[in-house]
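All residue numbers refer to positions in the sequence shown, counting from 1.
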Amino acid sequence: MMQRSLRLAETLVVLVAYWLTCFPAAAQSPYPATTQHPAPAWFVDVAGKAGITVRNVNGGVEAKRYIIESTGSGAAIFDYDNDGWPDIFLVNGSTLPGQTVAEKPTSHLFHNNHDGTFTDVTAKAGLTLTTWGQGACVGDYDNDGHTDLYVTGYPSNHLFHNQGDGTFKEVAGPAGVAGDGTQWGTGCAFVDYDRDGKLDLAIANYVHFNLEKTPAPGQAAACIWKGAAVMCGPRGLDSSPNILYHNLGDGRFQDVSKTSGFQQTLAHYCFSVTTLDYNNDGWPDIFVACDSTPSILYRNNHDGTFTDVAADAGVAFNEDGREQAGMGSTAADYDGDGNLDLFKTNFSDDTSTLYHNNGDGTFSDVTFAAGLGINTDALGWGTMFVDVDNDGWPDLLVVNGHVYPEVDSEKLGASYREPRFLYHNLGNGKFQDASKSAGPGLSTPQSSRGLAIGDLFNDGRLDAVVNNLSDLPLLLVNEAANGNHWLGVRLLGTRSNRDAIGARVTLHAATRNWVDEVRSGSSLGSSSDLRLHFGLGQITALERITVRWPNGQVEEFDAPAHVDQYVQLTEGKGHAAPGTQP
């Protein structure tokens, strides 16, 4: 009874917080949009003004002798204190023996001050993590009403339990999710793969890294690129299998990597984890982008096991049947047909890849047909579908940066620091490169890695946090005004996991529908705002909202009286959808 009362109180706190931010006006934004800038976007970096000025540390700055120095770190946007305003977590790396920095590197948590600025609360929150951090994902794994944080890296991973008082406690060891000390964790995602109401953990691993046994630049075949001596890997290094942890419900997890079929995908070097129900069967599947090896699509078999169907489904290779060096990945219904599509970034001298979901369990590589077979000199990392102008069609944001500083000194046909890309969705299955007219926040070169998306200021515009390798981060705000409308949806699970990760939301209007899913992780070692954001274009009235909760139950909710606001939908408070069980 006490636990139920506490949960009810927590729910009321959340409802009050979201009620206070339900009706944000654009004029209240600390970084208002104006008509002085061209559509669809004009991104500016406000990280300095906002107080986010910590430098990423990943080994050497201008020289990278080992691959662990080059892959960078992710970011997470999540509301850790339930005040209705998303906060920012930046993963940090470390240094090699003999390297020194002014301050000991640590990951950082920034509290949103509701006025366009953030306060570094890392020490207060107990998150002074000093390790070689790689990625982050968020989810309330114990359903206590407070979103928790998982950080991957080398030589171990970390689980931070949100105590509900502004602090976190590191519990990876007793929870059984720290790893064995030899694996290099990269991407991760909380996901309720067996639909039991408890969030499990899926982790992508890169290599078994051993500094003492790794050759120096130029000392092996895999340590030479275009004739230049460079750091070694991933080819030539031992791969590391991916991990799946099952949530036991008592604060502990069980490693089910072997019994679930996760470890039947050997000899892959994996980076990002994106969950999606690609075949619309009501069970979450898992896409993993891998470097220099085929991608993986774990199909959920509904019995606690997975089968890699990437080759049969058409997402293991590109349309030429060639494996690519996959980095980041993201999912969305970019063409409005009700099916979730996939996008993947790759190494330089290649294109990124757009996979169109055909609705029959297969995908087609439509990269060139969609106008995305361009910018082949760039090396892509974090990426997200994001409707930058709220026109109802998800655009693509891609951050880039090379791994070899030698591309500059040796003049190898690329740049170590590269601009970011914005591909504007034209609404007809095609994208247009709008990068060069989208503001200094995209054009200023950086060696970028992690990317997280969220409406940080509750003004209906999506912002971007970019973690740059060995440099300061970016907080990108779109200052181009538009007359389009939007709706934000926050889900609260009761029988399902509290953050409703895995839920599918469909907005119904008279002329079209919008579909998206709540997901943890994705991009490149990053985790975005768990609230779903839908651009609506000129539509001002919806007919209804359908939610398929993570446990498979389907409910319909009345449309809000008006758009341009956030609404919270609680499991069990809707109406049973026609043809489904109540």
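- Residue pairs meeting the side chain to side chain donor-acceptor pair (under 3.5 Å) criterion with at least one partner in residues 363-372, sequence neighbours excluded, are N358-S364, D365-T367.
- With respect to L297, the side-chain contact (heavy atoms from CB on, under 4.5 Å) criterion is satisfied by exactly one of F287, F306, Y355: F287.
- By the salt bridge (Lys or Arg N to Asp or Glu O under 4.0 Å) test, E543 pairs with no residue at all, sequence neighbours left out.
- Counting only N and O atoms by type, the side chains of N425 and Y334 include no donor and acceptor under 3.5 Å apart.
- Checked against side chain to side chain donor-acceptor pair (under 3.5 Å), N242 has the following partners two or more places apart in sequence or in another chain: Y298.
- Side chains of S447 and D471: a donor-acceptor N/O pair is absent below 3.5 angstrom, by distance only.
- Each ring pair (Phe, Tyr, Trp, His ring centres under 6.0 Å) pair with one or both residues in residues 504-525, not counting sequence neighbours, would appear here, but there are none.
- Applying the salt bridge (Lys or Arg N to Asp or Glu O under 4.0 Å) criterion to K226, with sequence neighbours excluded, gives D349.
- Annotation: salt bridge (Lys or Arg N to Asp or Glu O under 4.0 Å) contacts of R504 (sequence neighbours excluded): E517.
- In this structure, E418 has no side chain to side chain donor-acceptor pair (under 3.5 Å) partners at least two apart in sequence or on a different chain.
- A search for side chain to side chain donor-acceptor pair (under 3.5 Å) contacts involving Y423 returns N375, not counting sequence neighbours.
- Applying the side chain to side chain donor-acceptor pair (under 3.5 Å) test to pairs two or more places apart or on separate chains, those with a residue in residues 393-411 are S348-H402.
- Counting only residues at least two apart or in different chains, salt bridge (Lys or Arg N to Asp or Glu O under 4.0 Å) contacts with residues 260-279 comprise D277-R548.
- The pair K436-D433 fails the salt-bridge criterion, with no side-chain N (NZ, NE, NH1 or NH2) lying under 4.0 Å from an Asp/Glu carboxylate O.
- Note on ring orientation: taking the six-membered ring where Trp is involved, the planes of F385 and F343 are perpendicular (angle over 60°, cut-offs 30° and 60°).
- Contacts of R299 classified as side chain to side chain donor-acceptor pair (under 3.5 Å), with partners at least two apart in sequence or in another chain: N301.
- At a cut-off of 3.5 Å, with distance as the only test, no side-chain donor of N56 or S470 sits close to an acceptor on the other residue.
- Looking at residues two or more places apart in sequence or on another chain, you find no salt bridge (Lys or Arg N to Asp or Glu O under 4.0 Å) involving D45.
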